[in-house]
Amino acid sequence: MAILVSKDTRVVIQGITGKAARFHLPLMQAYGTQIVAGVTPGRGGDTVDGVAVFDSVGSAVANTGCNVSLIFVPAPFAADAILEAADGGVDLVVCLTEGIPVLDMLRVKRILAQKDTRLLGPNTPGILAPGPRVKVGILPDMVFTPGPIGVISRSGTLTYEAVAQLTELGLGQSAAMGIGGDPIIGYNFIELLAEFEADPETEGIVLIGEIGGNQEELAAEYIKKHVTKPVTAFIAGKTAPKSRRMGHAGAVITGGKGTAKDKIAALEAAGIAVAPTPADIGRTMKEAMK
Amino acid sequence: MAILVSKDTRVVIQGITGKAARFHLPLMQAYGTQIVAGVTPGRGGDTVDGVAVFDSVGSAVANTGCNVSLIFVPAPFAADAILEAADGGVDLVVCLTEGIPVLDMLRVKRILAQKDTRLLGPNTPGILAPGPRVKVGILPDMVFTPGPIGVISRSGTLTYEAVAQLTELGLGQSAAMGIGGDPIIGYNFIELLAEFEADPETEGIVLIGEIGGNQEELAAEYIKKHVTKPVTAFIAGKTAPKSRRMGHAGAVITGGKGTAKDKIAALEAAGIAVAPTPADIGRTMKEAMK
Amino acid sequence: MKIHEYQAKALFRQFGVPVAKSYVVEDPDELGPVGNDLTPGVWVVKAQVHAGGRGKGSVQVDGKVVGKGVQVAPNPKVALDIADSILGGTLHTIQTGDRGKPVSRVLIEQGVDIESEFYLALIVDREHAGISIMASTEGGMEIEEVARTQPEKIHTFTVNPLIGYRSHIGRDLGVEMGLRPDLLVPFSAIVKKLYALFMEKDCSLIEVNPLVVTKQGQWLALDAKVTFDDNALYRNPDLIQLQDLSQEEPSEVEAAEARLSYVSLDGNIGCLVNGAGLAMATMDIIKELGGDPANFLDIGGTATTDNVARSFEIMLKDKVDGIFVNVFGGIVRCDVVARGLVEALGQVKLEIPLVVRLEGNQRDAGLKLLEDSGLPIITAKDMRDGARLIVEACKKPGKGN
Amino acid sequence: MKIHEYQAKALFRQFGVPVAKSYVVEDPDELGPVGNDLTPGVWVVKAQVHAGGRGKGSVQVDGKVVGKGVQVAPNPKVALDIADSILGGTLHTIQTGDRGKPVSRVLIEQGVDIESEFYLALIVDREHAGISIMASTEGGMEIEEVARTQPEKIHTFTVNPLIGYRSHIGRDLGVEMGLRPDLLVPFSAIVKKLYALFMEKDCSLIEVNPLVVTKQGQWLALDAKVTFDDNALYRNPDLIQLQDLSQEEPSEVEAAEARLSYVSLDGNIGCLVNGAGLAMATMDIIKELGGDPANFLDIGGTATTDNVARSFEIMLKDKVDGIFVNVFGGIVRCDVVARGLVEALGQVKLEIPLVVRLEGNQRDAGLKLLEDSGLPIITAKDMRDGARLIVEACKKPGKGN
């Protein structure tokens with residue numbers, strides 16, 4: 001069944017007439033994803049690769065019953081696009097857009113907290129579920145294969161890396177997704193861990209974190225208490241210099257120091273196997289599954 | 001027990017050093033109300049009529065355990081004062097201030113919807129419960145007497161009128177309150193009807209409405225379905241000329257025409273006795289109680 | 001607070017909402033210079049008054065009808081002639097009342113080729129606690145009429161003021177109205193700008209009827225009605241200068257200056273009351289008992305001796321056969337009201353019956369003040385008693401009614 | 001984007017936040033005229049650089065230390081002399097790195113009699129999805145130090161951006177800090193203005209350390225640190241001119257211009273990667289295998305042939321002994337990356353080892369392009385293989401490390 005998406009997933013692409021969307025649309029279609037609508041304001045009535053274009057998500061939902069929106073809209077308009085999708089009534093919004101102003105996302109986050117629509121991203125590569133062959137995003141599907149492993153990651157390319165290793169070792173995936181690399185995001189580690197824990201087709205979970213913030217520490221605590229399936233992790237940035245980007249006031253707010261060392265310690269203290277190098281993610285998961 | 005207030009009501013007055021507050025504070029104290037704190041920013045440490053002044057509602061709550069706030073703050077600052085009371089953690093805010101900009105109140109209304117604090121008013125005379133001798137507001141307490149009638153009104157002075165008639169006829173009150181005359185208010189008729197219906201000490205309810213809006217029609221519907229206690233009503237403005245204030249677009253939004261005739265018809269259709277003149281409110285209630 | 005169409009359109013321009021080219025003329029002497037600027041073609045001349053129904057209403061000059069309040073001129077010359085003819089006249093429409101409204105300014109606006117007309121309004125929505133945006137294809141019609149006969153043609157979205165406007169709101173309304181796709185984005189842009197105007201200037205209503213699409217595919221606000229929240233004028237001081245008091249009832253203006261609420265009616269009994277609800281109820285009971293109120297003046301919740309006296313003076317100016325003062329003191333103190341009455345009656349001789357009913361806060365002190373004054377005031381024991389006394393007093397032979 | 005203290009203070013003034021009187025001097029020739037304006041008394045001279053720790057850091061001119069980055073002068077004359085001595089120098093603090101930062105401007109600010117010092121910061125709070133306001137009585141201290149040793153002295157309120165600032169927030173923080181009642185309202189006013197600045201200019205941080213109360217009872221922001229959200233600069237175009245690129249690493253500036261993310265490190269292996277996570281992981285595995293990265297350059301998710309080529313050029317400028325290209329194509333296409341590499345290598349002769357690992361989107365097309373180019377590129381079958389190859393290549397005799 002995967003999580004977040006299923007064979008009943010009907011996708012609308014916001015910003016369907018843009019360059020990146022036009023490139024990835026046929027790739028998603030070829031993989032098997034039902035792309036049932038697109039939205040570009042002022043272009044209602046057009047079609048792109050056989051997909052009907054509407055002027056708003058509201059009319060796309062009314063006419064096609066789409067339930068997941070994939071956003072390719074440029075950053076200045078992306079926050080508005082997320083809210084449009086929520087008002088339009090889709091269940092899930094996957095926002096690929098990079099570089100959305102953080103104040104826009106703070107508002108979006110607060111508004112979505114009062115709505116039923118969930119958000120994956122922004123700045124995520126999306127989600128891919130090999131079983132039902134649903135890809136909502138830009139993940140390279142050739143490295144995926146169906147199976148029992150759920151993959152959750154803060155990084156796009158490291159997700160692909162992990163999936164390629166899993167596939168290589170004969171461990172297929174129930175679903176894999178990036179939570180997005182931005183400061184303010186929708187789904188977080190804990191919420192997705194809960195989804196995978198509840199998913200009968202998932203038997204093990206790979207968690208890929210990185211330095212900064214305290215999400216990994218919170219996830220470790222959550223896993224210890226609530227996750228019965230084997231979890232393995234990798235934390236990128238073990239050898240990174242102390243980031244010059246994170247100000248002091250920021251560090252105080254976050255509480256934690258956000259170092260890889262702290263995160264790895266927290267995960268290991270929660271009984272989670274942590275891969276020593278990014279090339280060992282698949283192997284570590286395989287061992288944990290025994 | 002009354003509703004909204006009780007013998008455990010501990011009042012903080014926001015704007016306690018203002019003229020109107022200073023006039024009404026001793027009247028409330030004399031009636032028996034526990035006024036435990038006042039707030040005037042920059043005046044923390046002062047006292048007014050024996051009441052300690054704090055710099056914020058938060059510090060008043062922390063130091064005195066006050067649970068109801070009464071607002072006497074001037075209109076430009078009143079919306080902020082309501083939000084301060086809510087953030088400070090009181091259960092009920094009674095806002096007397098008249099003339100708060102409507103856009104401020106729209107925001108307040110939306111914000112309070114997400115909080116536990118309830119609002120009576122603004123532009124209300126407040127609430128008075130003769131049993132526990134609690135007066136939070138400016139109602140003339142000399143016309144009140146304890147008893148089984150709950151009074152809910154859109155108008156301040158008509159509330160006093162109705163209460164005086166009830167008292168004259170030997171019908172005491174469990175509590176009486178104005179919901180406030182502004183376009184955007186906190187507690188509405190229905191919510192207070194529900195409170196009185198649930199209150200064991202209330203045996204009958206007087207509802208005083210006026211022309212405009214559709215609250216009386218909604219109340220009529222609610223009473224028919226959910227209120228078992230006898231209700232009598234009066235609608236002011238039966239002979240008023242068609243209001244020049246309500247624009248056409250406004251009438252379309254409201255749906256109803258807001259005339260007294262429509263309101264009286266709706267109430268009577270719900271089996272509610274409507275007083276023919278404002279001088280008959282007490283008598284009509286008395287008959288309904290038989 | 002209401003403003004004129006030309007003022008509303010100036011605000012529209014300031015916020016980027018497209019309007020047609022136009023000139024405001026206040027003085028016939030300005031018509032010459034303006035005439036030099038008018039390009040050939042159709043121009044529309046519109047009387048600037050605070051009332052609807054201008055197109056059907058007629059302008060009178062010295063009691064003679066000189067034309068309608070909105071007239072289409074085939075060329076600039078005719079436009080200037082029309083403007084000249086109606087300037088200084090009085091416009092009578094179904095909304096102006098018998099007195100009409102002075103035409104102190106006209107707007108001369110370039111005619112446009114209309115392809116289709118729409119209705120668009122933004123309004124404070126009490127019930128949903130938001131700003132409701134209403135749009136309809138039935139532009140140019142009375143919106144209440146549309147609501148009654150074709151409610152499905154009114155499309156509404158209530159904006160949560162904490163979230164604000166989002167571009168899809170206008171697009172969705174446009175889709176519901178069946179707009180062509182190429183008109184959707186510019187339509188939404190107009191709604192967005194009007195929303196910004198609404199919030200920034202604390203409006204209570206913005207109505208554009210009609211909002212048109214020209215044959216050239218351009219959106220234009222052909223009419224513009226904007227009203228502001230009086231309670232928020234303190235933070236929009238620039239708007240106060242837009243007020244045109246010559247368009248209001250003089251006694252209402254005077255009352256408003258004293259922070260009183262005054263409503264003029266058709267009867268002969270003046271009512272001075274505290275609180276809008278009690279004021280209406282007082283009117284109701286007077287009518288019930290066979291009397292007829294001339295007005296009601298609500299002294300509000302913060303009356304001082306001074307403005308009670310002022311109220312009383314305003315009331316006396318409005319020709320009445322008797323006055324009923326009905327006060328139930330809560331925040332208002334009866335002694336303050338009594339002192340105000342006594343003060344006012346020190347200035348003018350009272351030649352008509354005055355019935356006073358005081359109850360509530362400081363009633364006894366108030367009644368004593370009246371008694372001690374020795375003035376010929378009839379005191380009432382309650383509301384019905386007071387209403388009965390004034391109705392009877394005003395029916396005496398020698399008095400009107 | 002970072003700005004200088006004097007620029008932050010100009011914004012403070014614009015938003016009504018009180019700051020001391022001050023003059024910015026860029027050119028020693030301006031010292032004369034400024035000197036005429038300086039009133040008698042204490043003046044503080046502050047080097048304007050994008051780095052903290054200025055008070056303890058030292059300014060060097062031609063390799064010689066001439067004084068600290070912040071100096072107090074007893075009178076205007078001394079202030080002018082200090083300004084003259086440090087202008088054009090290089091400030092070295094614990095935050096500047098070995099190269100130091102150029103002192104192109106100094107701020108000469110009037111000295112004040114400080115009664116007490118506070119810390120105040122506004123920051124985007126990821127965890128609580130709001131703007132957190134942090135206040136502390138421990139002004140003038142390193143806030144991380146306070147957080148570690150006296151966490152109870154840091155008071156925080158997270159503002160919900162949908163609700164915005166309310167006056168009690170500042171008052172409550174003030175009460176928690178134990179401020180005198182008369183200081184609370186002006187303190188809250190400052191917080192309110194800083195919040196307005198934060199929201200209007202899309203800040204990611206505003207830090208005032210110290211915010212002081214003078215002996216005269218006035219609040220003053222004695223220091224000011226403001227950083228902006230780069231992603232929102234498009235809607236604050238006026239801010240872009242505040243950027244001082246001379247304060248940044250040249251290669252990072254060049255990368256930023258090409259919309260690439262570049263981080264300079266201490267080793268000898270250049271890493272060209274797509275995605276921050278993969279970039280860090282690549283660095284990790286290189287270190288794990290005994291190598292030492294010189295930098296990492298993230299070509300991001302929207303790389304074109306042109307900016308891959310550009311990346312490669314930037315990388316070659318930064319002296320490296322070998323380059324590892326590690327790309328897992330998702331939105332980035334491997335063929336685009338390969339074409340960019342081939343293009344860049346058409347311009348310059350490659351004299352160091354280049355290991356390329358391509359995987360994912362259009363991998364085969366990419367690998368074929370590299371093969372067809374005939375260039376001396378070492379292709380790797382996976383990440384570990386690539387890391388191993390580049391680490392070995394960079395250990396060859398004749399190469400450093």
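Per chain, numbering begins at 1; letters A, B, ... match sequence-line order. Remember, predicted model here, so these are calculated numbers, not experimental data.
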Is there side-chain contact between [X] and [Y], with at least one heavy-atom pair below 4.5 Å?
| X | Y | value |
| --- | --- | --- |
| D:N231 | A:E98 | no |
| A:H24 | D:N361 | yes |
| A:K238 | D:E288 | yes |
| D:V327 | A:T157 | no |

Does any backbone or side-chain atom of [X] lie under 4.5 Å from a heavy atom of chain A? Answer side chain, backbone, both or neither.
| X | value |
| --- | --- |
| D:R148 | neither |
| D:R235 | side chain |
| D:R357 | side chain |
| D:F198 | both |
| D:N160 | both |

For the atom pair [atom1] ([X]) and [atom2] ([Y]), what is the distance rounded to the nearest 0.5 Å?
| X | Y | atom1 | atom2 | value |
| --- | --- | --- | --- | --- |
| A:L158 | D:M383 | CG | CE | 6.0 Å |
| A:I184 | D:E127 | CD1 | CD | 10.5 Å |
| D:R126 | A:N214 | CZ | CG | 9.5 Å |
| A:L103 | D:K201 | CG | NZ | 13.0 Å |

Tell me, side chain or backbone of [X] under 4.5 Å from chain D's heavy atoms, or both, or neither?
| X | answer |
| --- | --- |
| A:I111 | both |
| A:D280 | both |
| A:P76 | both |
| A:I100 | backbone |
| A:V143 | side chain |

If you count heavy-atom pairs within less than 4.5 Å of chain D, which of [options] leads?
| options | value |
| --- | --- |
| A:K109, A:M142, A:M105, A:K19 | A:M142 |
| A:A260, A:A236, A:G209 | A:A236 |
| A:I208, A:I138, A:I185 | A:I138 |

Heavy-atom pair of closest approach, residues [X] and [Y]:
| X | Y | value |
| --- | --- | --- |
| A:L106 | D:G130 | CD2-N, 3.5 Å |
| D:V159 | A:R110 | O-NH2, 4.3 Å |
| D:A281 | A:F234 | CB-CE2, 4.0 Å |
| D:G277 | A:S155 | CA-OG, 3.5 Å |
| A:R107 | D:L162 | NH1-CD2, 3.8 Å |

Practice task
Answer yes or no: does atom CD of A:E168 have more than 12 heavy-atom neighbours from other residues, nucleotides or ligands under 6.0 Å?
Solution key: no

Practice task
Assess whether atom CZ of A:F77 is packed by more than 12 heavy atoms of other residues, nucleotides or ligands within 6.0 Å.
Solution key: no

Exercise for the section: With side-chain contact (heavy atoms from CB on, under 4.5 Å) as the test, would you mind laying out the steps for A:V163 and D:F328 before giving the verdict? Expected result: CA-CA 11 Å; A:V163 167; D:F328 207 124; over 6 Å; no

Practice task
Would you mind telling me which of D:R363, D:Q362, D:M199 has the largest number of heavy-atom pairs within less than 4.5 Å of chain A?
Solution key: D:M199

Problem - Pairs of heavy atoms under 4.5 Å with chain A: top-ranked of D:I286, D:D284, D:L278, D:T158 - result: D:D284

